[in-house]
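FYI, the numbering just counts along the sequence from 1. First listed ligand is number 1; within each ligand, the first listed atom is number 1.
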Amino acid sequence: MTIQEFDINTSDVYPLTDSRQLLSPTPGGAAKAIFFAIQGEHHDGHRFITELYRKNVRQFVVETAALTPELRHELAQLPDARIWEVGSSLRTLQEWAARHRSQFDIPVVGITGSNGKTIVKEWLAQILAPDFRTQKSPKSYNSQVGVPLSVWPLNEQHTLGIFEAGISKPAEMQALQTIIKPTIGIFTNIGSAHNEGFRSQKQKVAEKLRLFRQTGTLIYRKSYAEIDEETHLLLKAVNPTIRLISWSTGQPAEVVVSFTHHTNGMLIRLEWEDRPYHIRVPFSDPASLENATHVLLAALVLGVTDEAVLQDRFARLRPVSMRLELKEGIHRNLLIDDTYNNDLAGLSIALDFLSQQDATRQKVLVLSDLLETGMAADDLYPAIARMITEKAVGQLIGVGPEISRFQSVFTVPSRFYATTNELLQSGYLNGLTDSVILVKGARRFSFETVINRFVQKSHRTVLEINLDALTHNLNFYRNRVGSQTKIMVMVKAFAYGSGSAEVASLLQYHRVDYLAVAYADEGVGLRENGIQLPIMVMNPSPQAFRQLIDYQLEPELYSFRILDEWLQFLKQEKPSMAIPPIHLKLDTGMHRLGFLPGEVAALGQLLKENPALRVASVFSHLVGSDEAEHTAFSQEQYRLLIDGAAQLESYLGYRPLRHLLNSAGIVRLPEFKLDMVRLGIGLYGVESSKLEPQQVQPIGTLKTVISQIKELKAGETVGYSRRGVLDHNARIATLAIGYADGYDRRLGNGVGQVWVNGVLCPTVGSVCMDMTMIDVTAASAQEGDEAILFGPQVPISDLANRIGTIPYEILTGVSERVKRVFYRE
Ligand SMILES: *Cc1c(COP(=O)(O)O)cnc(C)c1O
């Protein structure tokens, strides 16, 4: 089948590339979906076809190379499915999007560059909102898959497109160019960082410039010499009529720009078509000024040239926050705070995030009028209504005159208020309990006040967990073990301090194979939060056996005593529910828990006599996978596990899963990966084999605020027992965190350093129970400023080294009284 035969009209369908985004759709919605099965680095879409079919998706694009006899057989079982077989699903999606794009003769802004793409796109859309109906990439959808998905919703009503294009390898831009076909280009900048995938900076610039092969106008900053050079050398050669708008603050350029200070920000000055422009912007950092200048020039090119209008709109620009934050609220509610943009695609992303949370809680959406969609209200609100139904929202609270006017189009239970105040005064919010609440509103509705209604008051120390970094780390280990080896993730000890239920929800979304906890209670907590993955309990006690059955938790059995107790329990109780399978731990050298090699034969015999006990896995734990000196011992442990498992298999007559490796083992000893690995600390941001530290990203940032600052003289002392003696006149800040929060007392007296405004400030005196003092003389700090105890700026392994412990202790030591805030960029 070729693309010519793939002749579906784009307006009749919508593309689906990630099977997880379709949850419990209405039959109508699913019928319009067309699923592109893509073989990615982490996922093979072909594995999810039957699942989607069950959810009423009927149209699939599949790849010839992926069509094994099994898959063909599977597809043959789907009666009324329509299936296209193509060489590459991704190519087909891209070609389809390119064809769709070519139907529209409107200005399209294409943005590439190392940094600032998303901000420039968002600001430009904000500035132009009154003049254009814009379709733009949601968030940073700028990849080979993201760009087609961004362009696809273009329709007759749009008068402008703004799309970003990002590449990581040579030859990727070609495809993006044909899909975006920008008429106006912005090349934001070029950074030196991360040249992975490219031979040189020049090659990277040259590749990015391909986006503008057919563009009429290109805006760039002349001081990026490589961009300027390659534009003249390469781009001009293939696109001789392109109008180049280079700008610069120092050297001669098409547009000479100056930045000067003024109250609360900066003034951008430039001349455009012989008219001077003075535009005030409410920030002064160099990156924001550069982004704002790109936006200003693009607006001028697009014909928005009235200085007063531009001044008014630029004065109202705000930093773009792309964070979706998940917080715990009062009355056992979870809150998703989405202060990000206010368009349909942003809503769709936020709703996906909502639906990933805890399946047992009611999903509530608090939504204001959407102001930046570029759609007519008659089309917009019915589209929102469909989306809400498809994403399984349980209840809608609409705020604003527009959404209220369209209340009849919503089919989920809903209520409407004309203003935010009216909602707050109604008291309705106070009655919400045990829900996940997505709060999403245009700025003018001031939904902070809604968030404040729910958020627990607490001291302002938080552990922020970056869910994108967590996903990145999971993918790193996934790639290492490959698709043939399962992954069990250790979420014991509150997911190494990161927050069990939220982490587990994300892992469930990413379809890991197993979770493991230390105690039955932890497993019960996960089940109560809607986790359905198989869960192994490493330390089951007879008192908790009942719970194992009730919550379908799988015990690890490690001795004849505990095995016997389990068998006795089953005999007495004769549970009516299914008996969960068991996991057998062999002691191959740790000498902690486990059956010794000499006990395996007797164990096999016992299991043979009790066939009702199903053995899900046989495993062992390495004592020294993080250090090269123990490799020979690890090999011996591996051999003992293999032998033990083979022996057990001969008694059982079937083969349970075998697993040995922890995080460090996955990197250091990949040849021992067997059927499953047990991922722990690596997921939480510490690459413990130390062989590939760069591949893993820190996920947690422990932060607090400065409560008070004092100017003290040399010779004075700080804290208990006068231990912090000052040898210089100093500014001393008191932080709202102490050892009871998990900031180790051994970090006192200069051992620990805290990051404040870009400066590492040493601790002074002893760490107290709830407070810590630091020397901020070198940091321009003020009361209320943020202080980072650990995070990307202060590596956990560094802290651990300083006090002679291991990162595990630092992570799990953060007290549960410290609020966890989860976010996605
Ligand atoms: C905690 C644990 C792991 C995970 O170890 P990491 O070093 O954190 O990857 C693996 N297996 C067992 C049995 C564990 O207790």
Exercise. Are Glu627 and Lys690 close enough for a salt bridge, meaning some N to O gap below 4.0 Å?
Worked result: no
Problem set entry | Mutual orientation of the aromatic rings belonging to His659 and His583 [parallel < 30°, tilted 30-60°, perpendicular > 60°] | perpendicular
Exercise. Backbone or side chain, does any N or O of Ser688 fall under 3.5 Å from an N or O of ligand 1?
Worked result: no
Problem set entry | Step-by-step side chain to side chain contact (heavy atoms under 4.5 Å, CB included) determination, Lys673 to Val677 | CA-CA 6 Å; Lys673 65 185 182 181; Val677 295; 4.1 Å; yes
Problem set entry | Nitrogen or oxygen atoms of Ile681 and ligand 1 under 3.5 Å apart | yes
For this session: Number the atoms of ligand 1 from 1 as they appear, then name those within less than 4.0 Å of a heavy atom of Met538, with their elements.
Result: 13 (C), 15 (O)
Exercise. Can you find an N/O atom of Gly680 closer than 3.5 Å to an N/O atom of ligand 1?
Worked result: yes
Problem set entry | Arg746 NZ/CZ over Tyr739 ring centroid, <6.0 Å and within 45° of normal | no
For this session: Specify the protein heavy atom at minimum distance from atom 5 (O) of ligand 1: its residue, its atom name, and the distance to 0.1 Å.
Result: Asn662 CB, 3.4 Å
Exercise. Just checking, Arg614 and Tyr654: is the charged tip under 6.0 Å from the six-membered ring centre and within 45° of the axis?
Worked result: yes
For this session: May I ask whether Tyr684 has any heavy atom positioned less than 4.0 angstrom from an atom of ligand 1?
Result: no
Problem set entry | Proximal ligand 1 atoms for Tyr496, defined as those under 4.0 Å from one of its heavy atoms | 1 (C), 4 (C), 5 (O), 6 (P), 8 (O)
Seminar exercise, completed: atom 6 (P) of ligand 1: of Tyr477, Phe619, Tyr808, the nearest heavy atom sits on Tyr808
For this session: Could you list the atoms of ligand 1 found under 4.0 angstrom from a heavy atom of Ser663?
Result: 6 (P), 9 (O)
For this session: Could you pull out, from His621, Lys492, Arg678, the option with a heavy atom nearest to atom 2 (C) of ligand 1?
Result: Lys492
Exercise. Excluding sequence neighbours, so at least two apart, what forms ring pair (Phe, Tyr, Trp, His ring centres under 6.0 Å) with Trp566?
Worked result: Phe545, Phe569
Identify each donor-acceptor pair in which a side-chain atom of residues 492-505 lies under 3.5 Å from a protein atom, sequence neighbours left out, and give them as a table.
residue, atom, partner, partner atom, Å
Ser498, OG, Ala495, O, 3.2
Ser505, OG, Ala501, O, 3.0

